[in-house]
Amino acid sequence: MAPSPTGFIHLGNLYGAFVDERLAHQSKGVFMLRIEDTDDKRKVEGAIKAIISSLEYFDLKFDEGASIDGAVGNYGPYFQSNRGEIYQTVAKYLVEVGRAYPCFCTEEELGEIRERQVSVNVNTGYYGKWARDRELSLEDIEKHLKNNISFVIRLKSRGNQEDTFEISDAIRGCLSLPANYQDVVILKANGIPTYHFAHVVDDHLMRITHVVRGEEWLSTLPIHFELFRTLGWELPVYCHTAHLMKIDNGVKRKLSKRKDPELGLEYYMKLGYHPEAVREYLLTILNSNFEEWRNESPDSDIDNFQFTLNKMSNSGALFDLNKLNDISQNVLVKIPVKEIYDFLLRWAKDYKREIVDSLIDYKDAVLKMLSIGRDSDKPRKDLIYCQQIFEHISYFFDDYFKVVDKYPENIEDAEARKLLKAYLETYNHGDDQSQWFDKIRVIATENGYAAKPKEFKKNPQMYKGHVGDVSVVIRIAIVGRSSSPDIWELQQIMGEKKVRERVQSLI
RNA sequence: GGCCCGGUGGUCAAGCGGUUAAGACACGGCCCUUUCACGGCUGUAACACGGGUUCGAGUCCCGUCCGGGUCACCA
C-alpha cells in the first residue's frame, strides 16, 4: 500500500488496503507500506502514525515498509522523500539515452502554449511541436543552467495521438487505451518525482507484483505504460478498483472526504463499529461471492475466504449503512459477550468517558444485559455498534433511565396506576419466569383484560385489552420504554430494590 | 468539450447465447410471541433506450441516453 500522508485515512484507502493485504497474504507475498510524500505542500503532520494505527485497528498489519519506529525490510527507503537519489539516477539515465530532457518553461509560458492550443482547437499539453524545449541544444541547456533557470525533467514521448495499445487489468479485463503522447514531467523543479515516475521506479525496484488503485488512475495508465516500456521493465499486474459512491439528492457520486463523514474511518470508530464488522462489510462489497461463502461457512475465519480479483465489481458501489448494520449484528452475535464488554469499555474510554465508571462498577450487570437472549439457537441480534449498544442497555443505569414511551392508548394514567399497584402487591422477586408471568395474567384478568392475545382478538368487545397491554405498562415502569427484551430477566439483573422503586415512582 | 470506464429490482449483486432472470440488505404481509428483537413462511420490485447479428440476446456488435472518472511541476 502506498498512501500519501495528506490527511486522515478513509474508507476508500481501507478498501484498497484490504485488497492489497488479501492478495499478498493469500499468495504468501509481502504486504508493505510505502509513504508517497512527494508533495510537500500537502503533507500533514502525524498522518503516517494515523495511517498505521487506523489500519491496525482494522487488523491490517504490514510485513514490510514504513513503520512507527523506523523501517522494516530490504527494499527501502520506504519514504519517497528519502529516495531522491534513486529517481535522479533513473531520470539521468533517461536523459542520457535521449528519452527525457530538461524543460525550462515557466508556468506563464505553459499557459501561453495552452491558450494557443485552445485557439487552434488542438489537444492541450506539452507534446510534439508544442514542446518548446524538446530539442534544445546542449549549448542552450548549459546556458540556461548557468543562469540558474529552474527546470523540470520531461519524458520524451514516442507516442502518437492516434496510437492505441492493449493492456490487461486484473479487474476490468482487456483494455484498449490511447497511447501516451505527452511529454509528462517526471522530475519536478525541486528534484522530486511526480507520482507517475515514482510509481514506476519504486514499484519496479521494490518488486511490486500488483498495483491496486482507484479507477481515477485509469486515465494516466498510458503514461505508466510508456514509462515501463521506455525503461525496459516488466509491467506489474494492474488492478483498478471502482469507487465507493453515495447518493446525494438523487445523484450518485463519489464519496467525498469533505462532504461525507462516513468516508472517514473516524466515523466508525466514534460510533463504535467493531473492526470485524467493517472488515466483513468491506469484503462483501469487495468480492461478490463473499456473502455466499459466508453463508456456507458461517464460522470460518475471514482469512479462509479465497479472494479473487475477477470477482471484484467494476462499477461503483453505493455505500450502504443498512447492510453494514445487518452485517454488524451478525458479526457481534458470534463474539463472546465478554469480548463485547471489553470492546465497549475501550470504546467508552475513547469516545464516551462519562460512562466508563458505570460500565466498570456494574460490569456483571452489563454482561448479563448483553447476554439476554443470546444463547439460544435463534439468538437475539440486538447489538450493532457501541453507541447503539449503550443506548440499548442505558435504562439499567439510573442516571440514564427515563420514561420515554406512553402507555397504550386504551389505558389511562389512573388505570395504569391501578395495574402497577396490583403488580407491586403481588411481586415476588424470587418467582421464576412462569410464576411471575402467571401473576400478570391474573392481574390482567381481574382488571378486565384477556389473559391471552388470541382471546382478545376473538372477542375484542369483551375486554379492555389483553395481557400484552398490561405488560407494556409494567415494561414502561421498569425500563421506560414500550419495547425491550424480556422483563423478568431484566428485573433479575436490576435487583428487587430498583424494580420496586421504579414501579412505585409511577403510582 | 476530448478521452477512458461503467449501466440487471430502492441498494449490493449472480448470470458468460437457451434459466419460471439466483441470493443478500431494505420495505410489506402472515406465523411464532406479553412488547421489541430473533426465527420461519411469503409478497412487491430489475436487464436504460433504439437498431442490428442469431432459430434464439441481459449476455455479441453499432448508435443514443444516463452516470462516473480524467485532462497539473496533486496524488
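We use all heavy atoms of the structure for the numbers below, so side chains are in, but hydrogens, waters and symmetry mates are not. All chains are named by letter (A, B, ...) in the order of the sequence lines, taking the proteins before the strands, and each is independently numbered beginning at 1. On a predicted model such as this, the values are computed, not experimentally measured, just so you know.
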message: Work out how far the C1' atom of B/C65 is from that of B/A48, and round it to whole angstrom.
response: 8 Å
task: For A/F104 and for A/K323, find the nucleotide of RNA chain B with the closest heavy atom, then tell me which residue's nucleotide is more 5'.
output: A/K323
message: Below the 4.0 Å mark, does B/C74 have OP1 or OP2 next to a side-chain nitrogen or oxygen of A/T38?
response: no
task: Name the orientation class of the two ring planes belonging to A/H224 and A/Y195 (parallel below 30°, tilted from 30 to 60°, perpendicular beyond 60°).
output: perpendicular
- prompt: Relative to the 5' end of RNA chain B, which residue comes earlier, A/T284 or A/F151, by the nucleotide with the nearest heavy atom?
  reply: A/T284
Output a table of donor-acceptor pairs, distance under 3.5 Å, between side-chain atoms of residues 369-381 of chain A and any protein atom two or more places apart or on a different chain; print 'none' if there are none.
residue: A/S371; atom: OG; partner: A/L367; partner atom: O; Å: 2.5
residue: A/R374; atom: NH1; partner: A/I335; partner atom: O; Å: 3.1
residue: A/R374; atom: NH2; partner: A/L332; partner atom: O; Å: 2.5
residue: A/R374; atom: NH2; partner: A/I335; partner atom: O; Å: 3.4
residue: A/S376; atom: OG; partner: A/K378; partner atom: N; Å: 3.1
residue: A/S376; atom: OG; partner: A/K378; partner atom: O; Å: 3.2
residue: A/R380; atom: NE; partner: A/D382; partner atom: OD2; Å: 2.6
residue: A/R380; atom: NH2; partner: A/D382; partner atom: OD1; Å: 3.4
residue: A/K381; atom: NZ; partner: A/N330; partner atom: OD1; Å: 2.7

message: Less than 4.0 angstrom between a side-chain N/O of A/K452 and OP1 or OP2 of B/C32, yes or no?
response: no
query: Can you tell me how far P in B/A26 sits from the matching atom in B/U33, rounded to whole Å?
result: 24 Å
- prompt: If a stem is a run of at least 3 consecutive Watson-Crick or G-U pairs, both distances under 3.5 Å, which stems include RNA chain B?
  reply: B:1-7 with B:65-71, B:10-12 with B:23-25, B:27-31 with B:39-43, B:48-52 with B:60-64
message: Please report the distance separating the C1' of B/U59 from the corresponding atom of B/A14, rounded so that it comes out in whole Å.
response: 13 Å
- request: Please check if any side-chain donor atom of A/Y407 sits under 3.5 Å from a side-chain acceptor atom of A/D469, or the reverse.
  value: no
- prompt: Atom CG of A/N322 and atom P of B/A26: how far apart are they, to the nearest Å?
  reply: 6 Å
field: Whole-angstrom distance between B/G69 and B/C12, as gauged at atom P
entry: 16 Å
query: Parallel under 30°, tilted from 30 to 60°, perpendicular over 60°: which one fits the rings of A/F305 and A/F307?
result: perpendicular
- prompt: Which of these passes side chain to side chain contact (heavy atoms under 4.5 Å, CB included) with A/D405: A/I476, A/V472, A/V479?
  reply: A/I476
- request: I would like to know whether A/K323 and A/E291 meet salt bridge (charged side-chain N to carboxylate O under 4.0 Å, His left out); could you show each step before the answer?
  value: CA-CA 12 Å; A/K323 187 82 178 180; A/E291 263 189 292; 2.8 Å; yes
field: Atom-pair distance (CD1 on A/I285; C1' on B/A24), nearest Å
entry: 14 Å
- request: List in chain and number order the residues that pass salt bridge (charged side-chain N to carboxylate O under 4.0 Å, His left out) with A/E112, two or more places apart in sequence or in another chain; answer none if no residue qualifies.
  value: none
message: For A/Y181 and A/Y127, take the angle between the two ring planes, folded into 0 to 90°, and tell me which bin it lands in: parallel under 30, tilted 30 to 60, perpendicular over 60.
response: perpendicular
message: Counting the atoms with a prime plus P, OP1 and OP2 as sugar-phosphate, which does A/V185 contact under 4.0 Å by heavy atoms, base, sugar-phosphate, or nothing?
response: sugar-phosphate
- prompt: Is NZ or CZ of A/R481 both nearer than 6.0 Å to the six-membered ring centre of A/Y395 and within 45° of the ring axis?
  reply: no
- prompt: Rounded to whole angstroms, how far apart are CD1 on A/I223 and C1' on B/A72?
  reply: 10 Å
- request: Could you work out the separation of B/A22 and B/U44 based on their P atoms and round it to a whole Å?
  value: 12 Å
query: Which whole number of Å gives the distance between the P atom of B/C32 and that of B/A24?
result: 23 Å
task: Measure the distance from CG on A/L244 to C1' on B/G68 and round it to the nearest whole Å.
output: 13 Å
- request: Give one of base, sugar-phosphate or nothing for A/S313, where a contact means two heavy atoms less than 4.0 Å apart.
  value: sugar-phosphate
field: Protein-nucleotide distance (A/L283, atom CG; B/C12, atom C1'), rounded to Å
entry: 14 Å
Could I get a table of every N or O pair under 3.5 Å where one atom is in the protein and the other is in nucleotides 2-7 of chain B?
residue: B/C5; atom: O2'; partner: A/R172; partner atom: NH1; Å: 2.4

query: Does the side chain of A/Y281 come under 3.5 Å of the side chain of A/D326 through a donor N or O and an acceptor N or O?
result: no
- request: Please state the C1' separation for the pair B/A57 and B/C47 - nearest whole angstrom.
  value: 11 Å
Rounded distance in Å - CG (A/L324) to C1' (B/A26): 14 Å
- prompt: When every nucleotide of nucleotides 34-39 of chain B is labelled 5' to 3' by its protein contacts under 4.0 Å (heavy atoms), B for base, S for sugar-phosphate only, - for none, what sequence of letters results?
  reply: BBBBBS
query: Roughly how many Å is it from CZ in A/R132 to P in B/C73, rounded to a whole number?
result: 14 Å
- prompt: What class does the angle between the rings of A/F225 and A/F165 fall in, given that below 30° is parallel, 30 to 60° is tilted and above 60° is perpendicular?
  reply: parallel
query: Just checking, is any N or O donor in the side chain of A/H199 or A/E36 under 3.5 Å from an acceptor N or O on the other one?
result: no
message: With a cut-off of less than 4.0 Å, is there a side-chain N or O of A/K311 near OP1 or OP2 of B/G15?
response: yes
statement: Sequence neighbours excluded, the answer for salt bridge (charged side-chain N to carboxylate O under 4.0 Å, His left out) partners of A/K368 is none
task: Identify whether any heavy atom of A/R114 sits under 4.0 Å from a base atom; if not, whether one sits that close to sugar-phosphate; answer base, sugar-phosphate or nothing.
output: sugar-phosphate
message: Roughly how many Å apart are B/C25 and B/A46, using the C1' atom of each and rounding to a whole number?
response: 16 Å
- prompt: What is the distance from CD of A/E291 to C1' of B/G23, rounded to the nearest Å?
  reply: 8 Å
